[in-house]
Protein chains: 2
Amino acid sequence: MMRPIQNTHLFKEIHQQPEVIRELVSQPQTAVTELADQIRSHAIKQIFIAARGTSDNAGRYAQYLLGAHNRMVVTLATPSLFTIYQQPPDLSGTLVVGISQSGKSPDIVSVLAEGKQQGALTAAITNLPNSDLATIADIVLDLNAGEELSLAATKTYTAQLTTLALLSAELDPSQTYRQDLQALPQRVEQVFALEEHVRHLVERYRYMTKCTVIGRGFNYASAFEFSLKMKELTYTIAEPYSSADFLHGPVALVERGFPVFIVGPSGKMVPELKATVDKVKERYAEVVMLSDQQDLLAMADHNLVLPSGVPEWLSPITAIIPAQMFAMYLANTRGFDVDNPRGLHKVTETW
Amino acid sequence: MMRPIQNTHLFKEIHQQPEVIRELVSQPQTAVTELADQIRSHAIKQIFIAARGTSDNAGRYAQYLLGAHNRMVVTLATPSLFTIYQQPPDLSGTLVVGISQSGKSPDIVSVLAEGKQQGALTAAITNLPNSDLATIADIVLDLNAGEELSLAATKTYTAQLTTLALLSAELDPSQTYRQDLQALPQRVEQVFALEEHVRHLVERYRYMTKCTVIGRGFNYASAFEFSLKMKELTYTIAEPYSSADFLHGPVALVERGFPVFIVGPSGKMVPELKATVDKVKERYAEVVMLSDQQDLLAMADHNLVLPSGVPEWLSPITAIIPAQMFAMYLANTRGFDVDNPRGLHKVTETW
C-alpha cells in the first residue's frame, strides 16, 4: 500500500519552502555580502557557473538576473572541458561559482578546483557547507534549507534562486529590489492556496505521455525545472523551450490536444507569450497556464493562478512551486513513489 | 503523389555538403584570418554568441572547440536581455558573434547591434553576406554554401561548424589541426557509403513517437542537432542530453524498448559513453549508435557506422550527416513532405 502523500519527504519539503525562504531573506547573509564586496573590489564582470540538473536551472536564472540587473555576462560551464578533455578555458578575472545541493558532484568540484588554481575567485552555493565543493571554495553561500531527503530537489532549488536574488540585490544599490525581497516570503505562502486545485487538475493528465513546457527570460529556468520535475517524478516526456526557440522548429510537434504548459507570470514577456498561445492554439494545442496575468489566463484551457504582486525578477521562485506540486500529485495519482523515483540518486557521480 | 526523395531540396542539399566543405577548407578564407588577427591583437578571451535553432547548435560546438583548443570562454547569448528586457550585459572586451543562415533574425541582429554600440568587436557567420546581420558586423564569415531552399538547415550547419573549425585552427599555431582539416572533405564523402543502410534502418522506427539523443563534449552539439532534425522533419519527440545530464534525472524515462540514439565517435568520450550504454541497457533501452569505435558498435542494437580516422574535434561535422539522412528518410517513409515541414519558416522573426 502506498503511503499517504502527506507523509512523503517530497510533500514535506515542498511545504517547507516558505520557511526556508523566509529564513534566507530575514536573516543577515554575511557570505552574500562578502561575495558582493569581492565582486566589486575585483571589478568582476564575468561569472562562470558549474552545476547539473536542478542546480543548473538555478544557473539559468542567474544568467538572466545577473545579466539584467547587474550587467554581468554569466556563462554556464561545460564540465567535460575540465574533467574528460582536461583542456579548461582561461578563467582569470572570472568569478567561478559551483551550485550543488550536495556539494559532491565530482565534475562540479573539478571546475572550482581549476578556477582556484588559475587564481580566480570561487564561490559555492550548497546545502552542505562541509562538502568537497564548499571546502574548496573561497566563499560558501549556505542554503541552510535543512536536509533534503526526497531525491527530487525542491526546497534547495528555491533556496538557490533566493540566494542568487539576494546576491543580485546586494550588488545593486537600488532599494526597490530589497523591498521586493522582503515581500517575497508572504507571496510564497500564498501559492499554497492553489494546492487543492492542483490535486484535482492532475487527474486530467493521468495518461499524458508527452508535453512541452514554455517559459522565457527570467522564467526560462522555470520551464527547465518544471520539465525536469515532470520527467523525474512522473516519467512524462517533457521538453522545455523558450517561446522563441520553440517557434524556430519544434512547434512542428504540436498536434490536436498536444499539452503545452506555459510559465507566464506578469512582466515583460506577456505580449510574447500571448503570441505563443495564439500560435499553438492555431494547431489546437491544449494550453495550461501558470500565471497571474488576466489576459493570459483567459486564453488558456486550464490555469494555475499565481499570486499577484510578485515582480517578474522574483517570479521564478513563486511560479515553480505549483509546478512542483503538479509533478508530485501527478506522480501520486499514477501510483509512483515520489520519494524514490526510478533511476535517481541523491548524489550523481558524473565526470 | 509524393515527389521522389531524390528530387527534394533537402536531399540535394544534404548531398552538396562534401562540395561546400571542400570549398571552405581548400580556398583561402581571408575573413577567418582577419578575425583571428583581431582576436589576437585585442587579446580577446571571451566570445559571446547569439544564434537560434540549428545555428545555436553551431554555437554549442564553438563552446567546446574554442574552449578546448583556444582557451576561450564562450557564452551563448540570452537574446531577450537585449530585446524584450533591454537590459543587456556589459560586453566590452568581448567578441560578439552572430550565427544565422539567413542573417535576418531580428533578435540576433539586436545582440550584434548592442555589442557594436558598446565598442565590442563583432562578427557574423552567415550564408547571406548582404543580410542585416552581415551589414552590422565588423567581420563577415560567408558560408558560401549556395542558397539553402529546404526549410530544415543541413549544409549551412556543417558549413558553420567548418568555419568555426577553420577559425580555431587559425588561432592555434599547431600544424596538426590544419592537416586534420585538409583530410576532412574526403571523410565527409565517405559518410555517404552509409546511405543505403540508413534508408533501410528507418523502417524499424516508422512508428516511433519519442526518443532521446545523447552526445557529450564536442558532440553535445550533435545530440542537439540530431534531435532538432528529428523534431522538425519527423515530428518525433526527441530530447537531447549530455550523458552526464541524462544520468542526473531523465534516465528515469527509460523503459523497455525506449530508443536511445548515441552520437559517439572515437575520442575521449568513449569510456563515458560505454558506461551510459550499460546504464540504459540495464533498463532494456534500444540503443542506436553512431560511431566508428568498435566497442561501442558492439554494444548497440543498431549501428550507423561512421568513417574512421576523423579526429574527435572534427567528428561533429561527419557524425551529423547520417543523422540528417536518418531524419530525412524517416520523414519520407512516414509520408511527410521533407521540404515543407509543418510549422517551419526559413526566417523566424523572433524578438
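Just so it is clear: chains get the letters A, B, ... in the order the sequence lines come, proteins before strands, and each one is counted from 1.
Distance alone, capped at 3.5 Å, places no donor-acceptor pair between the A:T75 side chain and the A:A77 backbone.
For chain B, the nearby parts of A:F218 are the backbone and the side chain; heavy atoms of each come within less than 4.5 Å. Neither the backbone nor the side chain of A:L66 comes within less than 4.5 Å of any heavy atom in chain B. Residue A:A275 does not touch chain B at all, counting heavy-atom pairs closer than 4.5 Å. For a residue to count as touching a neighbouring chain, one of its non-hydrogen atoms must lie under 4.5 Å from one of that chain's; by this rule A:L253 touches chain B with backbone and side chain alike. Residue A:Q86: no heavy atom, backbone or side chain, is found under 4.5 Å from chain B. For a residue to count as touching a neighbouring chain, one of its non-hydrogen atoms must lie under 4.5 Å from one of that chain's; by this rule A:K45 touches chain B with the side chain only.
Between A:R216 and A:E272, at least one side-chain N (NZ, or NE/NH1/NH2) sits under 4.0 Å from a carboxylate O, which counts as a salt bridge. Ion pair A:E282/A:K279 not flagged as a salt bridge, since none of the NZ, NE, NH1 or NH2 atoms sits closer than 4.0 Å to an Asp/Glu carboxylate oxygen. The pair A:D278-A:K274 does not meet the salt-bridge criterion, since no charged nitrogen lies less than 4.0 angstrom from a carboxylate oxygen.
A 4.5 Å side-chain heavy-atom check between A:F336 and A:P341 finds every atom pair outside the cut-off.
Taking the ring centroids of A:F224 and A:Y157, they lie at or beyond the 6.0 Å cut-off. Between B:F82 and B:F48, the distance separating the two ring centers is shorter than 6.0 angstrom. When ring centroids are compared, A:W313 and A:Y64 stay outside the 6.0 Å threshold.
Heavy-atom pairs under 4.5 Å with chain A peak, among B:Q63, B:M72, B:K210, B:K231, at B:K231. Looking only at heavy-atom pairs under 4.5 Å with chain A, the residue among B:G267, B:S242, B:P88 that has the most is B:P88. Interface remark: of the candidates B:R60, B:R71, B:H69, B:R71 forms the most heavy-atom pairs closer than 4.5 Å to chain A. Chosen from A:G67, A:S227, A:A68, A:G53, the residue pairing most often with chain B at heavy-atom distances under 4.5 Å is A:A68. Heavy-atom pairs under 4.5 Å with chain A were tallied for B:V74, B:L233, B:L81; the largest tally goes to B:L81.
The salt bridge (Lys or Arg N to Asp or Glu O under 4.0 Å) contacts involving residues 61-70 of chain B comprise nothing, where partners must be two or more places apart or lie in separate chains.
Residues of residues 89-99 of chain B lying under 4.5 angstrom from chain A, judged on non-hydrogen atoms, are B:P89, B:D90, B:L91, B:S92, B:T94 by number.
Classification of the B:Y241-B:F246 ring pair by plane angle, with boundaries at 30° and 60°, yields tilted.
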List the steps, then state whether side-chain contact (heavy atoms from CB on, under 4.5 Å) holds for B:T236 with B:C211. CA-CA 7 Å; B:T236 306; B:C211 66; 4.2 Å; yes

